[in-house]
Protein chains: 2
Amino acid sequence: MHNKTECSAFVIPIRDCLDILSGKWKLPILGALMEGKKRFKELERSIPNITPRMLSKELRELEINQLVKRTVYDTVPVTVEYEMAPYGHSLKKVLMEMKEWGAQHRKRIMTTDTPIETEELDVVEV
Amino acid sequence: MHNKTECSAFVIPIRDCLDILSGKWKLPILGALMEGKKRFKELERSIPNITPRMLSKELRELEINQLVKRTVYDTVPVTVEYEMAPYGHSLKKVLMEMKEWGAQHRKRIMTTDTPIETEELDVVEV
DNA sequence: TATATCGGTATACTTTGGTATAGTGGTTAC
DNA sequence: GTAACCACTATACCAAAGTATACCGATATA
């Protein structure tokens with residue numbers, strides 16, 4: 001990192017990646033969809049405490065980024081299905097790196113330091 | 001992802017990793033420190049628009065997570081140096097995965113879709 | 001004597017992210 | 001007929017994150 005260009009080349013793409021995963025509910029939603037396709041209400045039920053407003057908003061962002069595919073079936077009433085888009089699977093490698101590092105880090109902090117508070121996380125029920 | 005435990009094992013460590021990199025300034029700070037050790041004011045100068053309040057706050061969080069080492073030299077006035085801690089380098093692999101994915105994603109979104117606005121990012125000057 | 005540097009902190013403010021609550025229009029089950 | 005389900009949206013509110021501005025005590029420079 002020895003000049004502005006090189007530095008932007010570091011910050012900008014990582015920021016992009018972070019932004020896509022940002023927000024309280026993106027990870028639980030992706031987690032739930034990795035199991036398989038789900039309808040809106042199914043997602044709402046499997047992600048405790050999420051409001052329809054947030055679910056809708058976060059799904060839209062994931063869809064815009066082509067990670068999630070939304071399909072509307074012309075039934076009455078309409079059926080809407082969400083699933084991981086093929087492109088969505090490209091995230092898995094990054095996610096697994098983050099998961100490994102995160103797990104390792106939690107252990108490290110727990111043992112070396114005063115324990116960090118494991119906050120009450122809302123976690124997908126399946 | 002077929003049960004609650006497995007799902008927490010997905011969400012929690014990734015959340016941990018995300019949290020550590022979260023906030024507007026962590027990435028620019030890490031970028032600046034990857035160049036080598038820097039004093040407080042040097043960091044402040046090399047990261048445009050950061051306030052001392054935020055710089056101090058984010059450095060403290062990075063230090064707590066053992067990614068950054070802070071050394072105080074007993075001069076008058078005191079000299080304080082920040083540098084990547086050895087453990088900090090363990091992040092590089094994750095960061096590089098994110099960087100690659102992010103760069104690839106930006107290209108993809110730019111070409112397939114209506115261009116995404118490249119916001120005016122504050123970027124480290126070196 | 002006045003000004004700048006060092007490494008920050010204090011206070012107040014604004015902006016963004018997330019929550020709470022209610023409601024839409026149409027359909028099916030009791 | 002009324003209650004529930006579906007996939008959401010609208011409005012109002014609240015809390016967290018970030019900004020702006022000023023200041024600290026000690027020292028060095030003009």
Side-chain angles (χ1 to χ4, degrees), chain A residues 11 15-16 18-30 32-33 37-65 68-83 117 119-124, chain B residues 11 15-16 18-30 32-33 37-65 68-83 117 119-124:
Chain A
V11 173
R15 174 96 291 141
D16 284 347
L18 245 20
D19 285 347
I20 276 163
L21 267 14
S22 76
K24 185 171 174 182
W25 301 107
K26 298 253 170 60
L27 243 29
I29 292 172
L30 290 175
L33 289 179
K37 46 178 69 168
K38 288 221 173 68
R39 298 174 61 180
F40 190 87
K41 281 286 172 183
E42 286 183 280
L43 281 169
E44 199 182 338
R45 275 189 292 266
S46 66
I47 304 170
N49 304 325
I50 196 169
T51 60
R53 171 163 162 34
M54 288 310 287
L55 181 54
S56 165
K57 186 170 158 290
E58 304 270 72
L59 279 170
R60 196 154 40 238
E61 283 177 41
L62 291 169
E63 203 198 339
I64 286 169
N65 283 304
V68 162
K69 185 163 155 258
R70 177 181 188 262
T71 315
V72 182
Y73 295 98
D74 192 10
T75 55
V76 271
V78 282
T79 304
V80 183
E81 267 186 356
Y82 294 90
E83 63 191 304
E117 72 291 350
E119 66 195 275
E120 203 60 40
L121 263 206
D122 300 312
V123 141
V124 178
Chain B
V11 174
R15 172 96 296 140
D16 283 348
L18 244 20
D19 285 348
I20 276 163
L21 300 174
S22 76
K24 185 171 174 182
W25 301 106
K26 298 251 171 59
L27 244 31
I29 291 172
L30 289 175
L33 289 180
K37 47 178 71 171
K38 289 218 171 70
R39 298 173 62 179
F40 190 88
K41 282 287 172 186
E42 287 182 279
L43 281 169
E44 199 181 338
R45 274 188 293 266
S46 64
I47 304 171
N49 303 327
I50 197 169
T51 60
R53 171 166 161 39
M54 288 310 288
L55 180 56
S56 165
K57 187 171 157 290
E58 304 272 72
L59 280 170
R60 196 152 41 236
E61 285 178 40
L62 291 169
E63 203 198 341
I64 286 170
N65 282 304
V68 162
K69 185 163 157 260
R70 176 178 187 266
T71 315
V72 182
Y73 294 98
D74 192 13
T75 55
V76 269
V78 283
T79 304
V80 182
E81 265 186 355
Y82 293 91
E83 63 190 304
E117 72 290 350
E119 65 194 278
E120 201 61 42
L121 264 205
D122 301 312
V123 140
V124 177

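Protein chains get the first letters and strands the later ones, always in sequence-line order, with residue 1 at the start of each.
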Residue set satisfying side-chain contact (heavy atoms from CB on, under 4.5 Å) with A/Arg60, at least two apart, ordered chain then number -> A/Ser56, A/Ile64

B/Ser22: partners by side-chain contact (heavy atoms from CB on, under 4.5 Å), with sequence neighbours left out | B/Lys26

Just jot down the side-chain contact (heavy atoms from CB on, under 4.5 Å) partners of A/Glu63, sequence neighbours excluded, or say none.
-> A/Arg70

For A/Glu44, the salt bridge (Lys or Arg N to Asp or Glu O under 4.0 Å) test, sequence neighbours excluded, returns A/Lys41

Expressed in angstrom and rounded to an integer, what is the separation of B/Glu61 atom CD from D/dA16 atom P?
-> 14 Å

Do A/Glu58 side-chain atoms and A/Trp25 backbone N/O form a donor-acceptor pair below 3.5 Å?
-> yes

Take the protein atom CD1 of B/Ile50 and the nucleotide atom P of D/dA17, then report the distance between them rounded to whole Å.
-> 16 Å

One would report the end-axis bend of the helix from C/dT1-D/dA30 to C/dC30-D/dG1, five pairs per end and rounded to 10 degrees, as 20°

Presence of B/Lys24 side-chain N/O under 4.0 Å of C/dT16 phosphate oxygens OP1/OP2 | no

Write down the distance between CG (A/Leu59) and P (C/dG18), rounded to a whole number of angstrom.
-> 14 Å

Taking CD1 from A/Ile29 and P from C/dG18, how many angstroms apart are they, rounded to a whole number?
-> 11 Å

Can you tell me how far the CG atom of B/Leu33 sits from the CD atom of B/Glu83, to the nearest 0.5 Å?
-> 8.5 Å

Figure out the CD/P separation between A/Glu58 and C/dT16, and round it to whole Å.
-> 17 Å

Round to the nearest Å and state the distance from B/Leu55 atom CG to D/dT19 atom C1'.
-> 14 Å

Every protein N/O within reach of nucleotides 2-11 of chain C N/O, cut-off under 3.5 Å:
unit_1 : atom_1 : unit_2  : atom_2 : d
C/dC6  : O3'    : B/Arg39 : NH2    : 3.1
C/dG7  : OP1    : B/Arg39 : NE     : 3.0
C/dG7  : OP1    : B/Arg39 : NH2    : 3.4
C/dG7  : OP2    : B/Lys41 : N      : 3.0
C/dG8  : OP1    : B/Arg70 : NH2    : 2.4
C/dG8  : OP2    : B/Tyr82 : OH     : 2.6
C/dT9  : OP2    : B/Ser56 : OG     : 2.6
C/dT11 : O4     : B/Arg53 : NE     : 3.3

Calculate the interatomic distance between A/Trp25 atom CH2 and C/dT19 atom C1'; express it in whole Å.
-> 10 Å

Donor-acceptor under 3.5 Å (B/Ser46 side chain, B/Glu42 main chain) | yes

What one should report as the nearest heavy-atom pair of B/Ile20 and B/Leu62 is O-CD2, 4.4 Å

From CG of B/Leu27 across to P of D/dG18 the rounded distance in Å is 13 Å

Closest non-hydrogen atom pair between A/Val11 and B/Leu27, with its separation = O-CD2, 4.1 Å

